[in-house]
Number of protein chains: 2
Amino acid sequence: MRGKEALEMEHPDRTDPANPAAGAAADACARVVVREGVLEIPGQVALYHGGALPAASIAWRIEGAEGAPLIAALGGISAHRRVYGEHGWWNGVVGPGRTLDAGQWRVLSFDYLGGSGESSGPRPGEAFPRISTYDQADALLRLLNHLGITAVHGIVGASYGGMVALAFAERYPERVGRLVVISAADRAHPMATAWRSVQRRVLRFAARCGEAGEGVEIARALAMATYRSPEEFAARFSGAPRTDTASAVFPVEEYLFARGAEYAARHSPESFLCLSESIDLHRVDAGRIFVPTTVVAVREDQLVPVSDMRRLAARLEHSRLHEISSVYGHDAFLKEAALLRPAFADLTGSPA
Amino acid sequence: MRGKEALEMEHPDRTDPANPAAGAAADACARVVVREGVLEIPGQVALYHGGALPAASIAWRIEGAEGAPLIAALGGISAHRRVYGEHGWWNGVVGPGRTLDAGQWRVLSFDYLGGSGESSGPRPGEAFPRISTYDQADALLRLLNHLGITAVHGIVGASYGGMVALAFAERYPERVGRLVVISAADRAHPMATAWRSVQRRVLRFAARCGEAGEGVEIARALAMATYRSPEEFAARFSGAPRTDTASAVFPVEEYLFARGAEYAARHSPESFLCLSESIDLHRVDAGRIFVPTTVVAVREDQLVPVSDMRRLAARLEHSRLHEISSVYGHDAFLKEAALLRPAFADLTGSPA
């Protein structure tokens with residue numbers, strides 16, 4: 001196992017345009033340093049569901065206060081190694097002065113295996129072996145070994161990332177101090193599997209028709225509908241449809257398909273298929289997870305019902321359950337920085 | 001306006017194989033008579049959303065106790081004129097001795113305009129004009145005129161049929177005594193519109209690829225997921241997936257796509273598009289509906305949230321709200337005969 005030279009960057013004057021005071025405050029405390037690299041694993045990498053990768057790359061990134069303790073932050077299947085800053089997927093929550101304060105912590109993440117980032121993933125038109133959340137957990141373990149990190153202070157995982165966090169804690173409890181698991185359970189709910197099965201069927205059908213990109217647009221549009229709550233859609237999309245077209249076009253439809261088209265420009269159908277199936281194949285044994293875990297359940301989450309999160313919290317040996325309400329449903333982890341504060345405080349010890 | 005000779009059939013020994021005693025009891029009370037026919041409207045039929053049909057056929061059926069008062073029963077977009085008996089869509093609820101007792105009542109229904117039945121609908125590969133629930137209400141009015149019926153005792157409408165019932169009551173209050181509206185509001189919820197928009201997009205995409213039938217399968221599979229509740233799917237489909245195939249196949253996926261394939265064999269993509277859009281274009285003014293209305297809300301209905309049904313009941317001048325709980329969600333009207341008894345009693349006066 002060898003690693004490409006890690007690129008180190010300093011951001012001595014890094015400020016958050018949305019929150020310049022906080023950025024300045026963070027800079028006053030600690031120098032923000034970025035390290036990133038690609039861990040190359042030359043030998044065969046065996047996979048949980050059978051099969052193997054002939055070799056593997058894992059693209060990683062660490063950003064935050066120099067010398068500060070490390071927290072791994074893992075997001076949904078569209079997330080990647082850039083947690084905050086430019087192109088960051090979690091800017092609302094993580095950064096200097098934010099709920100997870102990058103002035104106090106260093107944040108590690110990586111591009112998922114099987115995804116559309118710079119880690120190993122499917123080539124256009126080719127299937128990829130079945131990827132388990134245990135395989136993603138193994139990727140994180142390899143990264144820690146490579147970076148010489150005995151243990152991370154904690155893992156904060158939301159959606160797919162929460163599943164990976166649970167898988168990691170079950171396998172490698174000595175390498176992590178605490179979990180914060182948001183909107184992710186020990187297994188997928190069959191109704192969520194139903195919606196994702198339809199998405200995958202659309203993707204495969206479209207690929208067979210030579211229109212894989214349109215498949216991604218439709219599948220992502222459907223996924224978007226499951227990420228939010230009926231309450232949010234009622235508030236935003238109650239306007240009249242356009243009827244000057246052959247088919248009526250409803251406000252919610254315009255929104256969903258605009259998001260679908262944006263997504264299709266950046267994500268391959270093969271990685272969508274791979275990671276979508278990985279979610280539905282996820283099963284961990286909550287009774288074998290002994291790492292202290294903060295469970296965050298969103299009452300309006302259609303994909304991960306609050307009942308599944310309560311059951312997870314009840315099965316875990318050491319758990320604390322936070323229930324929040326948000327019209328953003330499954331997407332609450334991206335939007336509700338203030339509501340997440342008490343849960344993050346379990347991990348960081350900062351006042352909520 | 002002229003009508004084809006109505007076919008009259010007698011069922012002196014009609015019994016319900018599932019409930020022979022009830023059938024016999026009903027037979028003891030009244031002779032069950034079936035009348036059916038097709039009303040042909042030779043002139044142009046103007047439509048609510050603009051456009052017109054050059055002529056129209058409305059296939060109808062009346063079945064029940066000879067001489068008994070008439071109740072119209074209207075179901076979802078897949079329903080048709082055969083309410084009970086062979087190929088009936090509402091056998092669990094309507095029939096001799098059932099919640100709506102065909103030994104005490106006559107039941108009228110018709111094939112929806114724009115559907116896959118014997119009323120006017122799209123030809124293969126051709127679009128059909130936009131159809132409103134007001135157009136279906138007009139079709140019912142024409143039927144009453146044709147049959148010489150001054151007024152029906154009531155209309156029981158569920159899902160799309162409930163929307164048609166509301167449209168009829170707003171327009172023709174003197175022609176109906178009471179409504180029972182199940183899982184249908186004054187307008188579609190934007191989240192439900194989101195799911196149906198995706199279904200229509202799949203249908204149009206598949207048609208463009210020359211695979212319209214597969215489009216119907218996928219669209220119907222998605223629709224099925226929205227008709228039931230997460231609780232029901234959790235109870236039925238928590239088993240392990242098949243993984244000996246290129247893509248994993250989950251139990252819920254097998255179920256949804258089996259139902260989708262069955263549906264595609266009997267329904268055209270054009271009628272699916274037409275009636276699906278008709279649901280989303282539905283808007284009635286509840287403040288202008290003065291017919292006494294029993295509103296039945298299902299708390300687990302994902303398509304028609306209980307909050308929308310409460311708002312409908314509050315806006316109606318004369319309403320009574322029944323809230324029921326059912327794991328069948330939007331499909332509760334097909335399944336929960338016992339829970340529907342009190343609501344039907346509002347209409348029939350029978351003890352609940």
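Here is the naming used below: chain letters follow the sequence lines, and residue numbers restart at 1 for every chain. No experiment lies behind these values; they were computed from the predicted model shown.
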Please name the residue in the list A:Arg187, A:His189, A:Arg196 that meets the side-chain hydrogen bond (donor to acceptor under 3.5 Å, both in side chains) test with A:Asp280.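 Answer after filtering A:Arg187, A:His189, A:Arg196: A:Arg196.
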Side chain [X], main chain [Y], donor-acceptor under 3.5 Å:
| X | Y | answer |
| --- | --- | --- |
| B:Ser325 | B:Arg299 | no |
| A:Arg200 | A:Ser276 | yes |
| B:Ser319 | B:Ala313 | yes |

Please rank [options] by heavy-atom pairs under 4.5 Å with chain A and give me the top one.
| options | value |
| --- | --- |
| B:Glu232, B:Arg283, B:Glu231 | B:Arg283 |
| B:Met191, B:Glu217, B:His49, B:Gln199 | B:Met191 |
| B:Ser247, B:Pro305, B:Ala246 | B:Ser247 |
| B:Asp308, B:Thr193, B:Thr226 | B:Thr193 |
| B:Trp195, B:Tyr255, B:Phe205 | B:Phe205 |

Side chain, backbone, both or neither: which part of [X] has a non-hydrogen atom closer than 4.5 Å to chain A?
| X | value |
| --- | --- |
| B:Thr243 | both |
| B:Ala206 | both |
| B:Leu273 | neither |
| B:Val252 | side chain |
| B:Phe250 | side chain |
| B:Arg130 | side chain |
| B:Glu211 | both |
| B:Leu256 | side chain |
| B:Phe257 | side chain |

Given the options [options], which has more heavy-atom pairs under 4.5 Å with chain B than any of the others?
| options | value |
| --- | --- |
| A:Gly50, A:Ala219, A:Pro230 | A:Pro230 |
| A:Ala221, A:Ser238, A:Gly210, A:Pro241 | A:Ser238 |
| A:Ala248, A:Pro251, A:Ala234, A:Cys209 | A:Ala248 |

Is [X] salt-bridged to [Y], cutoff N-O under 4.0 Å?
| X | Y | answer |
| --- | --- | --- |
| B:Glu262 | B:Arg220 | no |
| B:Arg228 | B:Asp331 | yes |
| B:Glu253 | A:Arg201 | yes |
| B:Arg208 | A:Glu214 | yes |

Taking side chain as everything from C-beta outward and backbone as N, CA, C, O, which of these in A:Ser307 sits under 4.5 Å from a heavy atom of chain B? Side chain, backbone, both or neither.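 Contact with chain B: none, neither part.
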Could you tell me which portion of A:Arg204 (side chain, backbone, both or neither) has an atom closer than 4.5 angstrom to a non-hydrogen atom of chain B?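 Answer is side chain: those atoms of A:Arg204 sit under 4.5 Å from chain B.
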Validation row, ring centre A:Tyr160 to ring centre A:Tyr112 under 6.0 Å: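 Centroid distance A:Tyr160-A:Tyr112: below 6.0 Å, so yes.
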Evaluate the ring planes of B:Tyr134 and B:Tyr48, with Trp represented by its six-membered ring, and classify them as parallel (under 30°), tilted (30 to 60°) or perpendicular (over 60°).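 Rings of B:Tyr134 and B:Tyr48: tilted, as their planes differ by 30° to 60°.
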Give me the ring orientation class for B:His267 and B:Tyr263: parallel if the planes are under 30° apart, tilted from 30 to 60°, perpendicular past 60°.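 Aromatic pair B:His267/B:Tyr263 classed parallel.
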If you round to the nearest 0.5 Å, how far is OG1 of B:Thr133 from CG of B:Leu166?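 One gets 8.5 Å once the value is rounded to the nearest 0.5 Å.
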